[in-house]
There are 2 protein chains.
Amino acid sequence: MTARGTKHSGPGTPGASIESNRKTRAWARGSRAFAALSETNRIEAQCRAKGMRLTGQRRLIAQVLSDAQDHPDVFELHRRVVTQCPHVALATVYRTVRRLESEGIVERHEFRDGHARYERASKTHHDHLIDLETGAVIEFRNAEIERLQEEIARRLGYRLVRHRLELYAVPRPASRRSDGNRS
Amino acid sequence: MTARGTKHSGPGTPGASIESNRKTRAWARGSRAFAALSETNRIEAQCRAKGMRLTGQRRLIAQVLSDAQDHPDVFELHRRVVTQCPHVALATVYRTVRRLESEGIVERHEFRDGHARYERASKTHHDHLIDLETGAVIEFRNAEIERLQEEIARRLGYRLVRHRLELYAVPRPASRRSDGNRS
DNA sequence: CTATTTGCAAATCGTTTGCTCTCGC
DNA sequence: GCGAGAGCAAACGATTTGCAAATAG
């Protein structure tokens, strides 16, 4: 059974498909379906650089990821993708996103709720603060903490490879700054 | 979806060993099976304080958790429990451990590998360094990092509720200090 | 006595995989 | 043309849950 039960509601999904009655798989995969994609985005370029085949699905997923200002999970990615092309399978999103991660093009996080969320691998490292009330995710960076982590690992006889730092917090009533990237 | 309509044959599949099945379960639950438990441990005392019923299974799980020097996952806990009493169900371990967590008696972690690992809630907060080669888990504490986390949250307009800090590292060839609590 | 808890098996739920058909290069 | 990819459904693995029997208090 496909995750979250509902099988893709073929036609009827709001979105680009003018010819949604033509529900052939061939159509879904044909490049025409992806014609509306914008010019090459960063992720697409990285895929090319890694020698990944640029299928319409991948270009679409790459675009959705490039456009994302938040940290969507796979289901949410699929939802956005399906908006543009209703026949893309959830499994394809899973496979693509896994591939992108193994190529170092996107980063996977697993915040409180358990399931995997993705963001494109940023040039600059950062950690996350999760707003416990809204679920919003705010990115931050702190050089001192980074340095301390290295030092702790070294003192324990290790070389730090990577780390995970997540702050779970609630807005302070006084000065609630409700900016930050939501997720 | 509740297609569980077919009444669960329960312990009485016709023709099968109804009686021996009953006996077995009765034996498994009877307090005799748990007679070998040592005197009250800390977790057991906390259970009592929280008004949890002290069944043999819980006392056994409490003891295994109390004795654990590492961060076992549910399956591992079950393995250890079954060593002492072979009829304790995995589901019981899941339920117990979940209950213990909601009562604040144990802490749940989810390191790299995905599944939940438990340790008894310690009086003193600590974070974890995970040895990427052996999977060992080393606990550490750093007041400065704690302070910085508070400060970061405050600066972003939040009050820190909890955090997760995990360092993933590899032993340094020069001075590998193989102390620390392994997991 | 009765509200909780257990054992068991089936159900969930996010994620992966086998198979076949398709398409990028 | 061929091998990497996509669609689909079924498999998976950790965890949860419905139910009836058993039990702690």
Side-chain angles (χ1 to χ4, degrees), chain A residues 1-8 10 23-34 47-48 50-61 73-78 81-82 85-99 101 108 110 113-117, chain B residues 1-13 16 18 21-34 47-48 50-61 73-78 81-82 85-99 101 108 110 113-117:
Chain A
M1 188 92 58
T2 315
R4 305 200 197 184
T6 44
K7 39 180 59 189
H8 323 196
K23 47 191 167 183
T24 64
R25 288 167 64 175
W27 179 84
R29 296 189 193 166
S31 30
R32 266 168 304 169
F34 305 97
C47 288
R48 214 182 294 270
K50 294 284 184 178
M52 291 174 65
R53 276 196 191 175
L54 272 183
T55 66
Q57 289 85 333
R58 285 188 176 166
R59 301 211 301 136
L60 184 44
I61 294 168
D73 60 21
V74 175
F75 194 72
E76 172 63 17
L77 282 173
H78 180 246
V81 162
V82 155
C85 178
H87 291 281
V88 176
L90 184 55
T92 299
V93 181
Y94 271 108
R95 276 190 273 236
T96 301
V97 119
R98 180 148 52 100
R99 178 74 184 275
E101 195 213 352
R108 178 176 55 196
E110 255 184 64
D113 39 22
H115 48 255
R117 305 170 88 90
Chain B
M1 248 94 344
T2 356
R4 329 168 148 273
T6 47
K7 53 139 76 198
H8 248 239
S9 47
T13 306
I18 299 175
N21 208 336
R22 283 223 182 129
K23 263 197 278 191
T24 301
R25 287 173 64 174
W27 177 84
R29 295 189 193 166
S31 27
R32 265 168 304 168
F34 304 98
C47 288
R48 214 181 295 269
K50 294 285 185 179
M52 291 174 64
R53 279 195 188 177
L54 272 182
T55 66
Q57 290 84 332
R58 284 187 177 168
R59 301 212 300 135
L60 185 44
I61 294 167
D73 59 22
V74 176
F75 194 73
E76 172 63 17
L77 282 174
H78 181 245
V81 163
V82 156
C85 178
H87 291 281
V88 176
L90 184 56
T92 299
V93 181
Y94 271 108
R95 276 190 276 233
T96 300
V97 120
R98 179 149 52 100
R99 178 76 183 275
E101 195 212 354
R108 178 175 56 196
E110 255 185 63
D113 40 21
H115 48 254
R117 306 169 87 90

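So you know, we letter chains A, B, ... as the sequences are listed, proteins then strands, and number each from 1.
Listed pair B:R98 / D:dT16 meets the phosphate criterion, a side-chain N or O lying under 4.0 Å from OP1 or OP2. Contact annotation: A:Y94 does not reach the phosphate of C:dT16 (side-chain N/O to OP1 or OP2, under 4.0 Å). In this structure, A:Q57 does not reach the C:dC23 phosphate: none of its side-chain N or O atoms is under 4.0 Å from OP1 or OP2. Residue A:T55 places no side-chain N or O under 4.0 Å from the OP1 or OP2 atom of C:dC23.
Per the geometry, CG belonging to B:L90 stands 16 Å off P belonging to C:dA10, to the nearest Å. Atom CZ of A:F75 and atom C1' of C:dC13 are 11 Å apart (whole Å). The nearest whole Å value for the distance from the CE atom in B:M52 to the P atom in C:dT5 is 7 Å. Remark: C1' of D:dT15 and CD of B:E110 are 11 Å apart, rounded to the nearest angstrom. Protein atom CG of B:L54 is 12 Å distant from nucleotide atom C1' of C:dT5, rounded to whole Å. Per the geometry, CD belonging to A:E101 stands 12 Å off P belonging to C:dT15, to the nearest Å. Computed from coordinates, the A:H115 NE2 to C:dT15 P distance equals 7 Å when rounded to whole Å. Put simply, NE2 on A:H78 is 13 Å from P on C:dT15, counting in whole angstrom units.
Mapping A:T92 and B:A116 onto DNA chain D by nearest heavy atom places A:T92 closer to the 5' end of the strand. Of the residues near DNA chain D, A:R99 and A:A91, the one whose nearest nucleotide (by heavy atom distance) lies more toward the 5' end is A:R99. In terms of position on DNA chain C, the residue among A:R108 and B:G51 whose nearest nucleotide sits closer to the 5' end is B:G51.
Between B:I61 and B:T92, the shortest heavy-atom contact is CD1-O, 4.2 Å.
For B:R95, counting side-chain heavy atoms from C-beta on, the closest listed nucleotide (D:dA4, C:dT5, C:dG7) is C:dG7. Checked against D:dG7, C:dT4, C:dG7, the side chain of A:A89 finds its nearest nucleotide in D:dG7. Each of C:dT15, C:dG7, D:dG5 was ranked by its minimum atom distance to the side chain of A:R53; first place goes to D:dG5.
Side-chain contact between A:D113 and A:H115 is present, with heavy atoms from C-beta onward closer than 4.5 Å. Under the 4.5 Å side-chain criterion, counting only non-hydrogen atoms from C-beta, B:E110 is not in contact with B:R117.
Evaluation of atom-type donor-acceptor distances gives no pair under 3.5 Å for the side chain of A:R59 against the base of C:dG24.
Annotation: side-chain contact (heavy atoms from CB on, under 4.5 Å) contacts of B:R48 (sequence neighbours excluded): B:T40, B:E44, B:L54. Evaluation of the side-chain contact (heavy atoms from CB on, under 4.5 Å) rule for A:R53 yields A:R58 as partners, not counting sequence neighbours.
If you check every strand for non-hydrogen atoms under 4.0 Å, B:R58 touches sugar and phosphate atoms only.
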